[in-house]
Novice: 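Below you'll find the structure I mean.
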There are 2 protein chains.
Amino acid sequence: MKTRDRILLTALTLFNEEGEQNVTTVDIANEMDISPGNLYYHFKGKESIIENLYSQYDSGVAQLLKQSEIAQMSLEDHWYFIYVIFEEIYKFRFFYLNQTDILQRYHDISRRFKRLVKYKVKTIETLCQSLIETNALNDSLVESQQLAENISFTLLYWFPYQQLINPGEEYDKIIHKGVYQILSLIVPYAQLEDRTIAQSLLSIYHSRI
Amino acid sequence: MKTRDRILLTALTLFNEEGEQNVTTVDIANEMDISPGNLYYHFKGKESIIENLYSQYDSGVAQLLKQSEIAQMSLEDHWYFIYVIFEEIYKFRFFYLNQTDILQRYHDISRRFKRLVKYKVKTIETLCQSLIETNALNDSLVESQQLAENISFTLLYWFPYQQLINPGEEYDKIIHKGVYQILSLIVPYAQLEDRTIAQSLLSIYHSRI
DNA sequence: GTCTATATTAGGATAGAC
DNA sequence: GTCTATCCTAATATAGAC
């Protein structure tokens with residue numbers, strides 16, 4: 001593994017564990033047993049490392065969102081999609097845990113992050129629409145735009161919330177609870193026929209919590 | 001106004017506007033036209049200022065929550081209660097905007113913040129229970145504990161979310177939208193008779209957005 | 001209580017040898 | 001590519017005069 005990539009990986013791990021602002025360039029170098037000078041040979045500075053990590057995250061999620069537009073998805077695919085989005089966020093969770101700070105300090109990332117959030121909301125709205133069109137959701141009750149915003153809101157703050165409420169909880173459980181949470185946002189709007197399906201989905205996830 | 005209080009007020013304003021970590025003790029002193037040395041005469045340091053501000057916030061909210069336990073509240077009182085909680089959070093919004101960072105760095109505040117959140121969830125759960133007992137909400141559909149957590153979740157992250165999505169939005173609008181958001185979490189569970197009331201409430205708030 | 005001046009430290013970053 | 005040594009800056013904090 002090349003030093004450049006090891007720097008990115010080490011930085012990501014430390015940022016996720018300690019919080020971005022509690023990790024210095026020297027910390028990263030120490031953790032890898034290289035000198036700070038060496039680190040600066042590969043990257044202009046800390047900001048440059050973070051921007052690289054953001055690019056990884058951004059293109060990963062963008063690809064996922066694009067796929068969901070192309071593929072015709074079944075109801076179960078929808079849950080799987082939510083699940084995979086959560087996993088991608090988890091990998092780069094420090095962007096979410098220290099969101100406000102990072103967006104206050106790195107303007108370029110802020111711009112791109114906001115763009116991605118809008119793209120996410122739009123995609124989720126389309127998913128909700130498709131659930132209405134297949135009559136899984138009751139059209140009269142649901143404002144699909146409002147529901148999509150609720151789901152995005154949950155995706156955005158689920159990890160900070162869990163860190164606050166259940167610090168040290170394992171990765172799997174956190175994500176399962178997140179999917180459950182989103183499912184429970186949707187259930188009230190489900191048609192009577194599909195409500196049974198949805199509620200059995202709920203109980204499957206509930207058993208894993 | 002005593003210098004000590006002016007320091008607290010100035011610090012609060014700057015923290016809310018610029019973010020806690022972007023404001024130094026020298027910034028606070030400059031803004032007030034006093035010397036940094038003078039500031040350190042009144043407070044041991046930045047941490048001490050923040051702890052003082054947190055105490056103000058904590059006791060303010062705790063008092064509100066206590067009142068809600070004592071008083072018998074009508075349906076409209078409940079909305080007013082949510083509204084007032086939002087206002088209190090807004091006054092000290094930097095604790096919410098930079099939540100993870102502040103809780104990572106100031107352990108004493110972290111402890112107290114978590115305790116307050118638990119108290120909040122408990123109080124909101126009681127409110128939901130009372131809505132079920134007066135048959136405003138459908139008992140069979142709603143897990144009052146789940147609903148209470150959803151409402152708390154919204155209270156916790158509404159301001160960071162609005163800053164992300166609608167930066168520069170006015171204070172009134174943000175809070176109205178927040179109340180609307182919480183209302184829309186509850187409406188699906190409302191009994192048919194009360195649903196009309198709830199939905200008219202919704203449209204009142206909607207008109208103010 | 002308030003000021004000026006200064007010490008201390010930590011983090012980010014560079015220069016130059018190997 | 002990597003190291004050692006060093007610089008620069010910003011932020012916290014203190015000492016001592018007024």
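Throughout, protein chains are lettered first and strands after them, A, B, ... in sequence-line order, and every chain is numbered starting at 1. FYI, side chains are in, hydrogens and waters are out, and symmetry mates aren't considered; it's all heavy atoms of this structure.
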Novice: Can you figure out which of D/dC3, C/dC3, C/dT2 approaches the side chain of B/I34 most closely?
Specialist: C/dC3
Novice: Between B/R4 (CZ) and C/dT2 (P), how many Å, whole number?
Specialist: 13 Å
Novice: Phosphate oxygens OP1/OP2 of C/dG1: is one of them under 4.0 Å from a side-chain N or O of B/N38?
Specialist: no
Novice: B/L39 CG to C/dC3 P: how many Å, rounded?
Specialist: 11 Å
Novice: Both conditions, 6.0 Å and 45 degrees, for the charged tip of A/R93 above the ring of A/Y96: are they met here?
Specialist: no
Novice: Whole-Å distance between C/dG12 C1' and A/F43 CZ?
Specialist: 16 Å
Novice: Applying the side-chain contact (heavy atoms from CB on, under 4.5 Å) test to B/E69, which of B/T123, B/T126, B/L127 qualifies?
Specialist: B/T123
Novice: As an exercise, state the distance from CG of A/L53 to CD1 of A/I7, rounded to the nearest 0.5 Å.
Specialist: 11.0 Å
Novice: How close or far is atom P of C/dC3 from atom CG of B/N30, stated in whole angstroms?
Specialist: 11 Å
Novice: Do side-chain atoms of A/N16 reach the backbone of A/F94 as a donor and acceptor pair under 3.5 angstrom?
Specialist: yes
Novice: Consider salt bridge (Lys or Arg N to Asp or Glu O under 4.0 Å). Of B/E47, B/E20, B/E51, which one does B/R105 pass it with?
Specialist: B/E20
Novice: Can you see if the side chain of A/Y41 gets near the phosphate of D/dG1 - specifically, an N or O under 4.0 Å from OP1 or OP2?
Specialist: yes
Novice: Between atom CZ in A/R6 and atom C1' in D/dT2, what is the gap in whole Å?
Specialist: 12 Å
Novice: Please report, rounded to the nearest Å, how far the C1' atom of D/dT12 is from the CD1 atom of B/I7.
Specialist: 15 Å
Novice: Return the orientation label for the A/Y171 and A/Y90 ring planes: parallel under 30°, perpendicular over 60°, tilted otherwise.
Specialist: tilted
Novice: Please list, by residue number, the residues of residues 11-21 of chain A whose heavy atoms come closer than 4.0 Å to an atom of DNA chain D; answer none if no residue qualifies.
Specialist: none
Novice: Do the side chain of B/N52 and the main chain of B/S48 share a donor and acceptor less than 3.5 angstrom apart?
Specialist: yes
Novice: When the aromatic ring centroids of A/F95 and A/F113 are compared, is their separation below 6.0 Å?
Specialist: no
Novice: Is there any protein nitrogen or oxygen under 3.5 Å from a nitrogen or oxygen in nucleotides 13-18 of chain D, and what are the pairs?
Specialist:
residue : atom : partner : partner atom : Å
D/dA13  : OP2  : B/Y40   : OH           : 3.2

Novice: Base, sugar-phosphate alone, or nothing: which one does A/T24 contact when heavy atoms must sit under 4.0 Å apart?
Specialist: sugar-phosphate
Novice: State the CD-CG distance between A/E87 and A/D172, to the nearest 0.5 angstrom.
Specialist: 8.0 Å
